[in-house]
Amino acid sequence: DAGVTQSPTHLIKTRGQHVTLRCSPISGHKSVSWYQQVLGQGPQFIFQYYEKEERGRGNFPDRFSARQFPNYSSELNVNALLLGDSALYLCASSLGAYNEQFFGPGTRLTVL
Amino acid sequence: AQSVTQLGSHVSVSEGALVLLRCNYSSSVPPYLFWYVQYPNQGLQLLLKYTSAATLVKGINGFEAEFKKSETSFHLTKPSAHMSDAAEYFCAVSEFSGGYNKLIFGAGTRLAVHP
């Protein structure tokens, strides 16, 4: 069975640009969560989506946005990139909003 | 708000020695607790979880953890370290609020295993 997939694996952007990260959940899972992991720290919660609606949001600025599509895949968008946005972005899927979360391999974003 | 503290950002053990990674949590309600492992340039893999059943939880790769409410701890152990155990380990607690569930992670402990 395919696990959570994320694309791209790596990308490099410059300050001020915007970026879109993509996540495909495990088949049958209807909830997707996004986490940011800065080097040397534990992951920090950004968003959770369930049935295409935002259910929760962490302490991140409005430059961060996300959406979930009818097939339950998700995109994370970050505008006006800052150097501090450099991190590993992890996507996790779960059956529902309260179920166990399964993580993808992450997308490594470098902002120069 | 709930929180997780991992004592020791780096732990080094010899191959075959006991592994002990410490985790303390803060929660106003009975917690759901997790240990994840992260190998270099990879995502998070679930090692084990506590969801208010047995207090001694067995996970994959020979790891286990014991939930101690009186000490608000959930330490991870493995009797005999293997070179392949070298990785970063994260303790996490589930926070349920307002119709969603988020994981709150500790800062992580990097485990080194030397011959």
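Residue numbers begin at 1 in each chain, while the letters A, B, ... track the order of the sequences.
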Among residues 81-92 of chain B, which residues come closer than 4.5 Å to chain A, judged by heavy atom distances?
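Answer by number: B:Phe90.
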
Indicate yes or no for a side-chain donor-acceptor contact from A:Gln101 to the backbone of B:Leu103 under 3.5 Å, with no hydrogens or angles considered.
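Answer holds: no.
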
Do A:Tyr50 and B:Tyr100 have ring centres separated by under 6.0 Å?
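Here the rings of B:Tyr100 and A:Tyr50 have centres that are no less than 6.0 Å from each other.
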
Under 6.0 Å between ring centres, would you say that holds for A:Phe45 and B:Phe105?
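A:Phe45 vs B:Phe105: aromatic centres not under 6.0 Å.
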
Heavy atoms of other groups near [X] [atom1], more than 12 under 6.0 Å:
X	atom1	answer
A:Glu54	CD	yes
A:Asn71	CG	yes
A:Arg57	CZ	yes
A:Lys52	NZ	yes
A:Asn79	CG	yes

Show every disulfide (SG to SG under 2.5 Å) that has at least one partner inside residues 20-112 of chain A, sequence neighbours left out.
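Checked against disulfide (SG to SG under 2.5 Å) - neighbours excluded - the pairs reaching residues 20-112 of chain A are A:Cys23-A:Cys91.
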
Of all the heavy-atom pairs spanning B:Gly43 and A:Leu90, show the shortest one and how long it is.
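Heavy atoms only, the tightest pair is CA-CD2, 4.0 Å.
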
Give the minimum heavy-atom separation between A:Asn99 and B:Asn101, together with the two atoms involved.
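Looking at all heavy atoms of both residues, the closest pair is O-ND2, 3.7 Å.
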
Does a side-chain heavy-atom distance below 4.5 Å link B:Gln42 with A:Leu88?
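No. Closest side-chain heavy atoms not under 4.5 Å.
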
Report whether [X] and [Y] are members of the same hydrophobic cluster (ILVMFWY, side-chain heavy atoms less than 4.5 Å apart, transitive linking).
X	Y	result
B:Val19	B:Phe34	no
B:Leu48	B:Leu33	yes
B:Leu111	B:Val37	yes

Please rank A:His10, A:Gln41, A:Gln48 by heavy-atom pairs under 4.5 Å with chain B and give me the top one.
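Most heavy-atom pairs within the cutoff with chain B belong to A:Gln48.
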
Of the backbone (N, CA, C, O) and the side chain (C-beta and beyond), which part of B:Gln38 lies under 4.5 Å from a heavy atom of chain A, both, or neither?
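B:Gln38 touches chain A through side-chain heavy atoms alone.
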
Rounded to the nearest 0.5 Å, what's the gap from CD on A:Glu100 to OG on B:Ser94? Could you check?
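Taking CD in A:Glu100 and OG in B:Ser94, the distance rounds to 9.0 Å.
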
Structural part of A:Gln44 lying under 4.5 Å from a heavy atom of chain B
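Neither part, no heavy atoms under 4.5 Å.
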
Looking at A:Phe103, A:Phe102, A:Tyr35, which one forms a ring pair (Phe, Tyr, Trp, His ring centres under 6.0 Å) with B:Tyr36?
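Among the candidates, only A:Phe103 passes.
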
State which residues pass side-chain hydrogen bond (donor to acceptor under 3.5 Å, both in side chains) with A:His18; sequence neighbours excluded, sorted by chain then number.
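A:His18 satisfies side-chain hydrogen bond (donor to acceptor under 3.5 Å, both in side chains) with no other residue.
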
With a cutoff of under 4.5 Å between side-chain heavy atoms, which Ile, Leu, Val, Met, Phe, Trp and Tyr residues group with A:Val32?
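A:Val32 shares its hydrophobic cluster with A:Leu11, A:Val19, A:Leu21, A:Trp34, A:Ile46, A:Phe47, A:Tyr49, A:Phe60, A:Phe64, A:Leu76, A:Val78, A:Leu81, A:Leu83, A:Tyr89, A:Leu109, A:Val111.
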
